[in-house]
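Side chains included, hydrogens not; waters and symmetry mates left out as well; all remaining heavy atoms used.
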Amino acid sequence: MSANKIQHKVNHVALVVDCSGSMRQHQSQLIRVVDEFVAGLKAESDSLGHETRISLYSFDHKVENLVWDMDVKHLPSMRGLYKVNNGATALIEASLKSLDDLGHIWEEYGEHSFLQIVVTDGEENASGGDRRHDGDMAILGPWLDKIAAKMGGLPGHWTSAILVPNSLAKRTAQNYGFPAGNIAIWDADSQEGVEEAIGTVRAAATSFLRGREKGVRGTKNLFAVGQDISIDEVRANLEPIPADKYRLLKVDKEIEIRPFVDSHPGVTYERGACYYQLGTRAQVQPNKEVIVVEKDTDRAYTGDAARSLLFGTGIQGTVSVKAGNNPKLEVYVQSRSVNRKLKPQTRLLIML
């Protein structure tokens, strides 16, 4: 390559959405939130100067491509494209087809990365034939082999992730080859769950695009936050909290938040004044504030831009996230619960 040639970043995102009969209650809302997800991709790509192209798939017992590798700037609404059917769930077949299709993209020029996100509310029961009626599970065997081989052979600049409805489905997805850090659970039984699912996906896509700026082309820890931001970004975008306005307390054992706070001299529990250190997966509602702390200095920062910095521009709903591995920064989330269980080897920030 010549020294003066620009190696521009090209992101190929495939969103693979379940359209089996059980998704019917979510159809109209899913259309809206997917449109918001695409808008978020566009905004983040514009701010970073990336080219981002999106493909959309829907699946029940059949897999259908709705949009193929289109610039997100030109993508029409999902309305008129996505429609719930009465079919079963060909989850493996849909996952494989979208990966196989993306594999046909020419990568000779530009720096390409691939991100597949699958959203389902059920278990596999249709790849290779609809088994709702005939009960023939033997036909699934070759499909299990296919997806395990495909996932195991993905290049380092490919990321495959999935949202599933429960812990059993999460274990199944791991058996298929989805990395544990790229699997998130969503509440498939409520309207709020759809909002949370797409909010989670949108935050993950934002993190993915920002990671690209730092040279990360693929990840096995997609649904984590804070790993892609720097101290300089925090200082530039957030407001420092005066040191005499907060305290950081070390948590040595699992304990409820209220008695933990009240056991320390000079502070008493007040609802909304406590911020737990984000660790394993937690739901962060839209009314919850977040604080970022420098590990070396314990300086704390917050402000209106904190959620956007962590979760992505324009995300208004609940997101389901866990802490990413950032050697310099910690993320703290506001709690209004009197009985939240604090985890050992974490800290609690208290606003005074």
Side-chain angles (χ1 to χ4, degrees), residues 11-19 23 26-27 29-45 52-59 66-67 72 75 77-78 81-82 91 94-95 98-99 102 113-122 158-166 169-170 173 178-188 190-212 218-228 281-286 307-308 310-322 324:
N11 310 301
H12 304 273
V13 179
L15 186 61
V16 187
V17 184
D18 191 339
C19 70
M23 294 289 286
H26 304 312
Q27 177 170 314
Q29 191 181 31
L30 192 66
I31 290 169
R32 182 176 62 81
V33 290
V34 169
D35 286 352
E36 291 178 1
F37 164 68
V38 172
L41 280 177
K42 177 183 180 301
E44 201 65 41
S45 298
T52 297
R53 309 186 69 82
I54 189 165
S55 300
L56 297 176
Y57 291 81
S58 66
F59 68 95
L66 306 177
V67 172
V72 291
L75 183 69
S77 170
M78 277 277 282
L81 293 174
Y82 176 80
L91 174 60
S95 302
S98 52
L99 289 174
L102 289 176
S113 281
F114 296 82
L115 171 62
Q116 175 205 56
I117 302 178
V118 182
V119 181
T120 182
D121 73 336
W158 285 64
T159 299
S160 186
I162 188 169
L163 269 72
V164 295
N166 52 51
K170 179 175 182 178
F178 289 94
N182 289 356
I183 307 171
I185 296 174
W186 67 292
D187 179 7
S190 71
Q191 294 295 312
E192 294 78 11
V194 182
E195 293 277 359
E196 178 188 331
I198 301 301
T200 300
V201 168
R202 185 165 168 177
T206 295
S207 176
F208 176 82
L209 293 179
R210 291 176 180 174
R212 293 276 276 123
T219 178
K220 294 185 178 180
N221 202 24
L222 183 68
F223 295 116
V225 299
Q227 59 194 7
D228 56 336
R281 186 163 305 283
Q283 291 182 325
V284 183
Q285 290 80 11
R307 287 181 66 96
S308 294
L310 288 168
F311 308 140
T313 306
I315 296 178
Q316 303 298 329
T318 298
V319 293
S320 176
V321 293
K322 63 181 180 180

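With sequence neighbours excluded, no residue forms a side chain to side chain donor-acceptor pair (under 3.5 Å) with T159. Every salt bridge (charged side-chain N to carboxylate O under 4.0 Å, His left out) that K42 has, sequence neighbours left out, goes to D46. Every residue two or more places apart in sequence or in another chain that forms a side chain to side chain donor-acceptor pair (under 3.5 Å) with Q29 is listed here: E195. With sequence neighbours excluded, the residues satisfying salt bridge (charged side-chain N to carboxylate O under 4.0 Å, His left out) with R212 are E111. For T52, the side-chain contact (heavy atoms from CB on, under 4.5 Å) test picks out N11, V13, S45, H50, V72, L209, with sequence neighbours left out. Remark: Q283 engages E196, Q285, T318 in a side-chain contact (heavy atoms from CB on, under 4.5 Å) (not counting sequence neighbours).
Counting only distance, with no hydrogens or angles, the side chain of H26 and the backbone of G193 share no donor-acceptor pair below 3.5 Å. In this structure, the side chain of Q116 engages the main chain of S95 through a donor-acceptor pair within 3.5 Å. T206 places a side-chain N or O within 3.5 Å of a backbone atom of R202 that can act as its donor or acceptor partner.
In this structure, D35 and S77 approach most closely via the heavy-atom pair OD2-OG, 2.6 Å. A161 and F178 get closest at one heavy-atom pair: O-CE2, 3.7 Å. Contact detail for N182 and T219: the closest heavy-atom pair is ND2-O, 3.0 Å. When all heavy atoms of F114 and F208 are compared, the pair lying nearest together is O-CZ, 4.2 Å. The two residues D187 and S190 make their nearest non-hydrogen contact at OD2-OG, 2.9 Å. Between P165 and T120, the closest heavy-atom pair is CD-O, 3.8 Å.
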Please walk me through it: do N221 and K322 pass side-chain contact (heavy atoms from CB on, under 4.5 Å)?
CA-CA 10 Å; N221 202 24; K322 63 181 180 180; 3.1 Å; yes

Would L30 and Y82 satisfy side-chain contact (heavy atoms from CB on, under 4.5 Å), going step by step from the backbone distance to the final call?
CA-CA 9 Å; L30 192 66; Y82 176 80; 3.3 Å; yes

Determine, step by step, whether V321 and L310 satisfy the side-chain contact (heavy atoms from CB on, under 4.5 Å) criterion, reporting the C-alpha distance in whole Å, the side-chain angles of both residues, the deciding distance to 0.1 Å, and the verdict.
CA-CA 10 Å; V321 293; L310 288 168; over 6 Å; no

Give the intermediate values and the outcome of side-chain contact (heavy atoms from CB on, under 4.5 Å) for residues W186 and I198.
CA-CA 9 Å; W186 67 292; I198 301 301; over 6 Å; no

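Side-chain atoms of V16 and L56, non-hydrogen and from C-beta on, never get closer than 4.5 Å to each other. Counting only heavy atoms from C-beta outward, the side chains of L66 and Y57 never approach each other to under 4.5 Å. Within the 4.5 Å cutoff, side-chain heavy atoms of L41 are placed close to those of I54. Side-chain contact between V118 and L15: absent, with no pair of heavy atoms (C-beta onward) separated by less than 4.5 Å. The shortest side-chain heavy-atom distance between L115 and I117 falls under the 4.5 Å cut-off.
Among I183, I162, L163, I185, the one residue that satisfies the side-chain contact (heavy atoms from CB on, under 4.5 Å) test with F223 is L163.
Of the inter-residue distances, the one linking Q27 atom CD with M78 atom CE reads 9.5 Å to the nearest 0.5 angstrom. Atom OG of S98 is separated from atom NE2 of H12 by 14.0 Å, given to the nearest 0.5 angstrom. With rounding to the nearest 0.5 Å, the separation of CE in M23 from CZ in F59 is 8.0 Å.
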